[in-house]
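FYI, the numbering just counts along the sequence from 1.
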Amino acid sequence: MRRIVTVFAVMLLVLVGCGVKPTDRETFTVGMECGYAPYNWTQSESNDSAVAIDGNQFCEGYDVQIAKRVAASMDKELVIRKTSWDGLILSLQTGEIDAIIAGMSPTDERKKEVAFSNVYYLDDETAFGIVVKRDGPFSQGKTIKDFENARVSAQVGTFHTELLEQLENIDAAQAMKDFPTMTVALQSGELDGFVADSGTGDRINATNKDLMYIQLDGPEGYTVTESMAGVAIGLRKDDTQLLSEVNDALALISRDTQKELMNTAVNAGDFSTGNFFEQVMTILSHNYPALIRGTLTTIGISFTATLIGFIIGLLVAISRNTKVTNAIASVYITVFRGTPMMVQALVFYYGISMMFTGFRWSNLPMGNILAGIIIVSINTGAYMAETMRSGIQAIDDGQFEAAKSLGFTRWETMRHIILPQAIRNAIPTLGNELIVNVKDTSVLNVIAVTELFFVSNGIASTTYQVFQTFTITTVIYLVLTTFLTLLLRFIELKLDKTKTEASSYPSSITDGQNI
């Protein structure tokens, strides 16, 4: 028991280092992806213009500079919450953030849910075009008519899909999650192009020399409405005072300053030089602190949640001795095994904030990490409950009868005879669940937990070199799971001296024997 408590404490200490220190000043909390260069991106290095975020990382970009100026004008401390695009409006509505500054255009659809400030960036004319391969068949395109039969995509959940429909006679592909995904799809030949705004297109130009951005303006370019052409700050509809303060602050930022800030953001950093392996090493050298921190967060959540989940599963399994407890356990197991963990994370994290007025995960130390641990623990518990129940049922009934004849109570029988055997038999499954959790923590990116996948996605969104970035991530995950497999095989053999080979971790993993 002491060892379990020690492990649990160590994991919590690992996670404690991943949070942003609270501030005593009145704050202006802004949500952004920190993964949408040049508007915002994540970096490991601190500088005078970047702002610290979760995981000892820093957010930089055009949006960050605007947010700093707005906060300074209101005499408030700027706090940036790194949040996925899908979660930005939810975070605003639940009060997790005060504003969205994330390159968001004030479209009519979004205005139904969000109040928008005045525009804080507006290109001179049409601010949109298409990204294609520099040596591809569509590199000479200049108008919306020049991409016939091209397979073109746009970012899902944005008005870019409306611009996609304006391209004539194209093969419109399914809308994709984000620009890094579309970038790698274009480089791999899955796409011939994708819709982009000028800032993002120029950034992709700067970091991927094999791609080029073509702006489609003029009479034969995109037809762009006023709400599409600019980006604005999103606020809660009932927060009229903050809206007024934000507009006053934006009025102090001149158009020349805006253009200067955007040019600086577009040209920040150069990851495009060298061959593939040189690019991988460049990304690694610039981002290894963030990758290490993300890896530690992944390990901490996985170990802690697996341990708690095991305890939950054990309690559920041994409590199913009445009709009522059995029915409750059945509902719990059915719900959490029958729904995706990503959906559970969204419902749990944002749903609780909506149900309980005044409750905010962001007000708690390591709030999103705590929520992540709870989600993974409950999910793991649902699977472990069935494993432990099967383990208990697999034990010969004669042992129950023998214990009863010796005067043991049911609890004493379970504690001294049944559970030690069931737990030992469950070790392989527990180990498998730990390895699964190491990988499944990646779904927690939807609630902005800065685990390994979220960190990697932020790097890919900064450099737009997705394949190079996730090559590093793949190696890290592979090393983690292989090490855990070997460790769990060793533990299983130590606990059961009768075995010569671990049941779930065959010796061929280490000694090359054929199975």
(Q) Could you check whether Glu220 pairs with Lys145 (Lys NZ or Arg NE/NH1/NH2 to Asp/Glu carboxylate O, under 4.0 Å)? (A)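 A salt bridge links Glu220 with Lys145.
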
Q: Count the heavy atoms belonging to other residues, nucleotides or ligands that lie under 6.0 Å from CD of Glu45, then report whether that count exceeds 12.
A: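 Result for CD/Glu45: enclosed.
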
Q: Might you point out which heavy atoms bring Thr295 and Leu480 nearest each other, and give the distance in Å?
A: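 It is CG2-CD1, 3.9 Å.
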
Q.
Quick check: closest heavy atoms across Tyr222 and Leu163, and the distance to 0.1 Å?
A.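 Answer, listing the atom of Tyr222 first, then Leu163: CE2-O, 3.3 Å.
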
Q. Arg151 and Asp171: salt bridge (Lys or Arg N to Asp or Glu O under 4.0 Å), yes or no, with the steps?
A. CA-CA 5 Å; Arg151 186 166 175 77; Asp171 177 14; 3.4 Å; yes

(Q) Just verifying a value: how many Å separate Phe147 CZ and Phe138 CZ, rounded to the nearest 0.5 Å? (A)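 Answer for the CZ-CZ pair, Phe147 versus Phe138, is 8.0 Å.
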
[X] and [Y]: side chain donor to acceptor below 3.5 Å:
| X | Y | value |
| --- | --- | --- |
| Glu33 | Ser461 | no |
| Ser91 | Tyr350 | yes |
| Thr42 | Lys82 | yes |

Q.
Any side-chain to backbone donor/acceptor pair from Glu278 onto Met281? Under 3.5 Å, distance only.
A.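 Judged by distance alone, no pair lies under 3.5 Å.
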
Q. Between Phe179 and Tyr464, what is the ring plane arrangement, given parallel below 30°, perpendicular above 60°, and tilted in between?
A.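 Rings of Phe179 and Tyr464: perpendicular, over 60°.
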
Q | Side-chain touch Thr161/Val156, heavy atoms, less than 4.5 angstrom | A |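 No; the side chains remain at least 4.5 Å from each other.
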
Q) Side chains of Ser153 and Met176: does their closest heavy-atom pair fall under 4.5 Å? A)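 Result yes, sub-4.5 Å side-chain heavy-atom pair found.
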
